[in-house]
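These notes concern the structure reproduced below.
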Amino acid sequence: MLIPRPADAVIAVEPPGSGAGFWAGGPSAVAADGGVYLAYRLRRPIGDGRGYAVAIAFAPDGERFGAPIAVITKEAMGTESLERPELVRLPDGNWRLYLSCATTGTKHWRVEVTDAAHPAEFDVRYRAVVLPGDPRKRAIKDPVITHHGGQWHMWATIHPLSDPDETDQMTTEYAISADGLDWAWLGTALCGRPGEWDSRGTRVTAVRFNGPGAAGVTAYYDGRATAAENYEERTGVARGADPAALMAASLPGAGPAAQSPYRPGGLRYLDLVDLPGGRTRLYYELAQRDGSHALVTELR
């Protein structure tokens, strides 16, 4: 099991500004073409743009990312804010990008999708809403999607909308699909534990199916105990014999598996990429001393 070690991390993408609310993060990484493609969200403080763009960059070493090869703005998506993207390599070699979009003037989120032959070629003029949610009942965002065992698996973050004071709460629901577009929902995979550090919400950010001969999955997730911890979630680990039923691995009272050394401790949106040769890269969003968030990486 790989647990983030912030002391060993290096910055892969700098924050777009100094201070609280300036974030580079929400990574989704894919190893291909002799390196790593990294999709990520850029954000400014509320009132100054929120999640204003999703960028895609490439690094042969998985660490030193240059200028983005693609940038998708919130204006191009007709959204008030963008959140973590999901970049996927399709079985036929083409690429797919899932984009979490905030519906303007509401707490609702939806997920839209676009395909391309290469990560530099996404054209969001040609896109579709794949996870519409319900503007009155639930928001859907931050899907984690993988192809395994001949079908697509998804863990998506759900926010309730019926009570305006509770919309920061979150659970993770699980779904399956034959094509990654038409999904069958199978229920709640992970939710918070009363009285624990993750009681207010749980957002799955990465899932690994266990190896040959071992059933089940290991998942990494963001959690928080209060509404005040929104945007500064910490990272936990969950396991399940069934991908539709995950359980936090930490004992009651044990706290998160990883957090930033700087208050308020945000370490979130962990993603993992297995590399040729057997090593693994971790990517995650990490709170910095000045309150900004950087997108960092570790090689393990």
Side-chain angles (χ1 to χ4, degrees), residues 26-41 53-60 62 65 68-72 76-77 79 82-101 109-133 140-157 172-186 189 204-212 217-220 243-244 269-276 280-283:
S28 176
V30 179
D33 300 336
V36 175
Y37 290 97
L38 181 67
Y40 55 93
R41 176 265 299 118
V54 162
I56 303 173
F58 178 79
F65 291 89
I69 59 174
V71 177
I72 297 167
M77 295 299 297
T79 180
L82 291 163
E83 195 48 280
R84 178 192 177 272
E86 176 76 337
L87 180 65
V88 174
R89 187 80 181 268
L90 300 174
D92 65 3
N94 288 321
W95 293 79
R96 179 169 291 161
L97 185 65
Y98 297 83
L99 292 156
S100 294
C101 303
W109 289 81
R110 65 192 186 273
V111 177
E112 303 196 20
V113 67
T114 184
D115 289 1
H118 186 273
E121 298 174 358
F122 288 112
D123 185 345
V124 296
R125 293 177 298 172
Y126 307 101
R127 67 185 192 272
V129 177
V130 67
L131 301 172
I140 302 178
K141 61 194 285 282
D142 302 333
V144 173
I145 297 171
T146 187
H147 191 264
H148 177 82
Q151 68 180 0
W152 291 96
H153 305 258
M154 176 176 69
W155 296 262
T157 301
T172 296
E173 291 192 12
Y174 172 71
I176 57 173
S177 173
D179 60 5
L181 299 172
D182 185 18
W183 295 92
W185 294 97
L186 300 182
V204 167
T205 66
V207 179
R208 309 187 101 189
F209 281 86
N210 296 332
V217 300
T218 298
Y220 297 84
Y269 287 119
L270 173 66
D271 196 16
L272 301 94
V273 181
D274 292 324
L275 304 174
T280 299
R281 271 208 176 271
L282 285 67
Y283 295 92

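Sequential numbering from 1 along the given sequence is applied to the chain's residues.
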Looking at every non-hydrogen atom in both residues, tell me the closest pair between [X] and [Y] and how far apart they are.
X: A219; Y: V207; result: CB-CG2, 4.0 Å
X: G34; Y: F58; result: C-CZ, 4.3 Å
X: P85; Y: S28; result: O-CB, 3.3 Å
X: Y283; Y: G62; result: OH-O, 2.5 Å
X: A70; Y: P119; result: CB-O, 3.7 Å
X: V36; Y: A29; result: CG1-CB, 3.9 Å

Counting C-beta onward and ignoring hydrogens, is there a side-chain heavy-atom pair between [X] and [Y] closer than 4.5 Å?
X: E112; Y: V124; answer: no
X: M77; Y: L99; answer: yes
X: W185; Y: L131; answer: yes

How many angstroms lie between [atom1] in [X] and [atom2] in [Y], if you round to the nearest 0.5 Å?
X: T205; Y: D271; atom1: OG1; atom2: CG; value: 7.0 Å
X: I56; Y: E121; atom1: CD1; atom2: CD; value: 11.0 Å
X: D115; Y: F122; atom1: CG; atom2: CZ; value: 7.0 Å
X: Y269; Y: E83; atom1: OH; atom2: CD; value: 3.5 Å
X: K141; Y: C101; atom1: NZ; atom2: SG; value: 11.0 Å
X: W152; Y: L181; atom1: CH2; atom2: CG; value: 9.0 Å

Original post:
Going through the distances and angles, do H147 and V88 end up as a side chain to side chain contact (heavy atoms under 4.5 Å, CB included)?
Top reply: CA-CA 9 Å; H147 191 264; V88 174; over 6 Å; no
Whether the side chain of [X] engages the backbone of [Y] through a donor-acceptor N/O pair (distance < 3.5 Å, no angle test) should be reported.
X: R96; Y: L87; value: no
X: R127; Y: Y98; value: no
X: H148; Y: H153; value: no
X: T218; Y: R208; value: no

**OP:** Carefully, step by step, assess V217 and F209 under the rule side chain to side chain contact (heavy atoms under 4.5 Å, CB included).
**Re:** CA-CA 4 Å; V217 300; F209 281 86; 3.5 Å; yes
Subject >> Option from V144, L272, V204 for which side chain to side chain contact (heavy atoms under 4.5 Å, CB included) with Y220 holds >> reply: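 Testing Y220 for a side chain to side chain contact (heavy atoms under 4.5 Å, CB included) against V144, L272, V204 leaves exactly one candidate, L272.
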Original post:
When you look at V130 and W183, which way does the side chain to side chain contact (heavy atoms under 4.5 Å, CB included) test go after all the steps?
Top reply: CA-CA 9 Å; V130 67; W183 295 92; 4.1 Å; yes
Original post:
Which of parallel (below 30°), tilted (30 to 60°) and perpendicular (above 60°) describes Y37 and W95?
Top reply: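 Because their plane-to-plane angle is over 60°, the rings of Y37 and W95 count as perpendicular.
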